[in-house]
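Labels below follow one simple rule: chain letters A, B, ... track the order of the sequence lines, proteins then strands, and each chain is numbered from 1. Predicted, not measured: the structure shown is a model, and the values here were computed from it.
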2 protein chains.
Amino acid sequence: MSVLKEFNRVLKEKGYKFTSQRQHVFEVVVENDGEHLNSQEIYELVRKKYPEIGVATVYRTLALLEEMKLIYGVDFEDGFRRYEIVKDDKEHRHHHLICLECGSIKEGENDLLGTIEEEILRKDKFKVTNHKVKFYGYCDKCLKIMEKNNKTHT
Amino acid sequence: MSVLKEFNRVLKEKGYKFTSQRQHVFEVVVENDGEHLNSQEIYELVRKKYPEIGVATVYRTLALLEEMKLIYGVDFEDGFRRYEIVKDDKEHRHHHLICLECGSIKEGENDLLGTIEEEILRKDKFKVTNHKVKFYGYCDKCLKIMEKNNKTHT
DNA sequence: ACTCATATAGGAATATCTCCTAAATATTCG
DNA sequence: CGAATATTTAGGAGATATTCCTATATGAGT
């Protein structure tokens, strides 16, 4: 699995050790891409394959992975820090569409915000290097359900 | 002070009571607009004027104010939930510019994101009703300092 | 003022996450 | 391979932010 080799390589490059704990945590995050797992959930999943692992190690490893820009922590305001994989090696250029009805989280298109960031540089003299963007509203599915309910009500 | 009367009116409208605790919490948030106070800081400030207040009451009141859409909680990932006043009575249409160098938080222009939200409706079939947007980067001041340091280095 | 539902204080409880330390382990070098 | 060494880990204690619990207090309507 080349993604693991790459992980090993980046670790060594930065002088970190390649331990089985780190490997397992990384694997779980990779295998559950798109799930937005939180630390607890990752801990539970890792324990299935590596029962001896400690909570602190999971937290440490997640922090390390984030520092290495392999993963990315998002706060969906549910009390947990949730993680996802960084896809491109540049910046975390994407955003989330969070449905207020069903709670689903969809990842949005990249690059929508580029022009805005230029405008911010012009207007506010602020050089944007990254962003965390969450749009709240209603997903396609829930919109349709709500429309139908409205019709039956009238 | 008409803002307090308005507060009283909205409380009654929703069947909530106008207590001095709620009044003091609300006042502190209003008086420190732009400061992005967290719950602890609000608690401390309220205690100066109303020493008997309890922590739980402050949390409850902040949750109530947020539910009433009078204030708005933001997570700057420093471990605290921070609050600011909702200015327009519609949506929280603004964003934050967070400097990675000095940690300053500036509030950005409204309405920058309107066109993007239209595009999201078209492309993703997702109806946006609100957003939480944080841009990370470097503020004017820090950019200048960094430029200067670069020059002296070469 | 009386009534009653709601709100509060205060502390205990919970939950997430971090710190601490002795033991374990990855990596390097001979 | 095996020894040396610095890093990493497990496990639990600790820290911190927030919520829950309950008897008491208080606002609002009559």
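- If you measure from atom CZ of B:Arg82 to atom P of D:dT18, you get 10 Å, rounded to the nearest angstrom.
- With DNA chain D read from its 5' end, the first of the two nearest nucleotides for B:Tyr16 and B:Arg81 is the one closest to B:Arg81.
- Remark: of the listed residues A:Tyr16, A:Phe18, A:Phe7, A:Phe7 is the sole one forming a ring-ring contact (aromatic ring centres under 6.0 Å, His included) with A:Phe26.
- Contact check on A:Arg47 versus A:Glu52 returns no salt bridge, with no Lys/Arg side-chain nitrogen under 4.0 Å from an Asp/Glu carboxylate oxygen.
- For B:Lys127 and B:Glu117, the salt-bridge test fails: no basic side-chain N is under 4.0 Å from an acidic carboxylate O.
- The CG atom of A:Asp75 sits 15 Å away from the P atom of D:dA17 (whole-angstrom rounding).
- Residues A:Tyr138 and B:Thr129 meet the side-chain proximity criterion, which asks for heavy atoms closer than 4.5 Å.
- Here D:dA10 is the nucleotide among D:dG27, D:dA10, D:dA17 with the atom lying nearest to any side-chain atom of A:Tyr50.
- When DNA chain C is scanned 5' to 3' for any atom under 4.0 Å from a heavy atom of chain B, the first and last hits are C:dA5 to C:dG11.
- Ring planes of B:His96 and B:His36: perpendicular class, angle over 60° (limits at 30 and 60°).
- The number of heavy atoms from other shown groups lying within 6.0 Å of NZ (B:Lys141) does not exceed 12.
- Distances shorter than 4.0 Å separate some side-chain N or O of B:Ser39 from OP1 or OP2 on D:dT18.
- Listed by first and then second residue, the salt bridge (Lys or Arg N to Asp or Glu O under 4.0 Å) pairs involving residues 11-20 of chain A are A:Arg9-A:Glu13 (not counting sequence neighbours).
- Summarising the geometry, the separation between OH on A:Tyr59 and C1' on D:dT9 is reported as 17 Å, rounded to the nearest angstrom.
- When each of B:Asn38 and A:Arg22 is assigned the nucleotide of DNA chain D with its nearest heavy atom, A:Arg22 is the one assigned upstream, toward the 5' end.
- Residues A:Gly79 and A:Lys17 both approach DNA chain C. Their nearest nucleotides, taken by heavy-atom distance, put A:Gly79 toward the 5′ side.
- In this structure, B:Gln21 places its CD atom 8 Å from P of D:dG27, rounding to the nearest Å.
- End-to-end axis angle for the helix from C:dA1-D:dT30 to C:dG30-D:dC1, using five pairs per end and rounding to 10°, comes out at 40°.
- Between the CD atom of B:Glu13 and the C1' atom of D:dG27 there is a distance of 18 Å, rounded to whole Å.
- Regarding B:Ile42, its CD1 atom lies at a distance of 10 Å from the P atom of D:dT18, rounded to whole Å.
- Nucleic acid contact for A:Arg60: base, since at least one base atom lies under 4.0 Å from a heavy atom of the residue.
- Proximity of the aromatic rings of B:Tyr136 and A:His131 is defined here by a centroid distance below 6.0 angstrom, and this criterion is not met.
- Scanning both residues, B:Leu143 and A:Lys125, for their nearest heavy atoms gives CD1-O, 4.0 Å.
- Rounded to whole Å, atom C1' of D:dA17 lies 12 Å from atom CG of B:Asp78.
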